[in-house]
Amino acid sequence: MSHVMSTYARQPLAFTRGEGVFLIDADGKRYLDALAGVAVISVGHCHPKLAKAISDQAHSLIHTSNIFHITLQEKLADRLCALSGMDNAFFCNSGCEANEAAIKLARLYGHKKGIDVPTIIVTEGSFHGRTMATLTATGSRKVQAGFEPLLAGFARVPYDDVEAVRHVAANNKNVVAMLVEPITGEGGIHIPAENYLRELRAICDQNGWLLMLDEVQTGIGRTGKWFGHQHSGILPDVMPLAKGLGGGMPIGACLAAGPAAKLFEPGKHGSTFGGNPLACAAALAVLDIIEEERLIENAASAGAYLVGRLHDELSSLQGFVQIRAKGLMIGIELDRNCGELVGQALERGLIINVTADNVVRLVPPLSFGVEHADLLLSTLVPLIRGFLAGTPARSAA
Ligand SMILES: Cc1ncc(COP(=O)(O)O)c(C=O)c1O
């Protein structure tokens, strides 16, 4: 019996090594990793340049404290602001912490405007994390159940519904911000209408609200641009990041622009570990690798290839609903719960994930090439075919 708390229904498997887009278990069996630690392993497992950056940094300085200047943190903030057009960054260790920072910024912003109960609009089907504030913001009863009382100060609207946001704007004078994912991740890879973010930007501007885009999953190249909102040509006021930023090292960031960038002052927020030299060295190496190896372009092209082939192979099948994808953030919706595909794929050496019960999610490393896509297809397509036909699937491998 393990002494680890049972917060996850774990697969009966542990890996001992990682190599690019592959994970290897204790018996030496190789698995093609189309999950990437849930969209974390941006540059591939154990990329030599990332491993070297972490190792070199570990030999010179691991941690000091945010009581002092941290040169690498300042460098990372500069890089992220240059890539995004944002003004500054707060560093933490995870996605929920990055969202916590965003929520605190929104509340400070509201109080500064004289609003006593600042309210943040959030959406149905969203996922923002597991802390009390972020699970309150999350649009899933499953995530919230048992943790009541939830926090005050959130108003919920359907995702991809601009009219609902306008309705809240007309009726709730306490709103100070909207927190929304550019594409839902855990909620099932839902891609909003082309104009959604632009319209939200306009509503936020008209009402003096902060537009806060949770780019924890969509950020750092995942969708074929540095940040998911860059497909829409707008800028957020606040942008939480994590996952792919550290390539597997725990690091989160909350970027802010304009008035939101000036709200935190000493004593208002903090983190013991946030942005320490080791984590920042890793994140800087990740950004270098993404640029040097043109991984964002690769995410766009490999994603388009994979999605094209998936369409060809799956779209005529009874039980196939839809593929929703941007870059290497891909959801294959089936008409029935398909969690069992995860274990079947593992047996065949493929790591996938199912989210929202009936959506196969593929979020492989951004270094996933066409040859890896072909390997994935050779396992996944027969598996889904067999599953939808109600017969045990054969592997084509
Ligand atoms: C969009 C989004 N926000 C926040 C989080 C929470 O991140 P973390 O698990 O690092 O706290 C996740 C995690 O899946 C996410 O997908």
- prompt: How are the rings of F368 and H372 set to each other: parallel, tilted or perpendicular (split at 30° and 60°)?
  reply: tilted
- prompt: Same hydrophobic cluster for V143 and V216, using side-chain heavy-atom links shorter than 4.5 Å among ILVMFWY?
  reply: no
- prompt: Aromatic ring centroids of H63 and F273 under 6.0 Å?
  reply: yes
query: Can the ring centres of Y159 and H190 be said to be less than 6.0 Å apart?
result: no
- request: Drop me the distance from D116's CG to H111's NE2, to the nearest 0.5 angstrom.
  value: 7.0 Å
- request: Under the ring-ring contact (aromatic ring centres under 6.0 Å, His included) rule, collect the residues that match up with Y109, sequence neighbours excluded.
  value: none
Anything under 3.5 Å between a donor and an acceptor, one on a side chain of residues 165-172, the other on a protein residue two or more places apart or in another chain? List them.
unit_1 : atom_1 : unit_2 : atom_2 : d
R166   : NH1    : E163   : OE2    : 2.6
R166   : NH2    : E199   : OE1    : 3.1
N171   : ND2    : H167   : O      : 2.7
N172   : OD1    : N174   : N      : 2.9

message: Testing the 3.5 Å rule here: is there a donor-acceptor pair between the side chains of T71 and E74?
response: no
query: Do S94 and E97 have side-chain N/O donor and acceptor atoms under 3.5 Å apart?
result: yes
- line: Here the pair of heavy atoms bringing S271 nearest to F90 is CB-CZ, 4.1 Å
field: Sub-4.5 Å side-chain heavy-atom contact between Y31 and L13
entry: yes
- request: Give a yes or no on this: more than 12 heavy atoms of other residues, nucleotides or ligands lie within 6.0 Å of atom CD of E148.
  value: yes
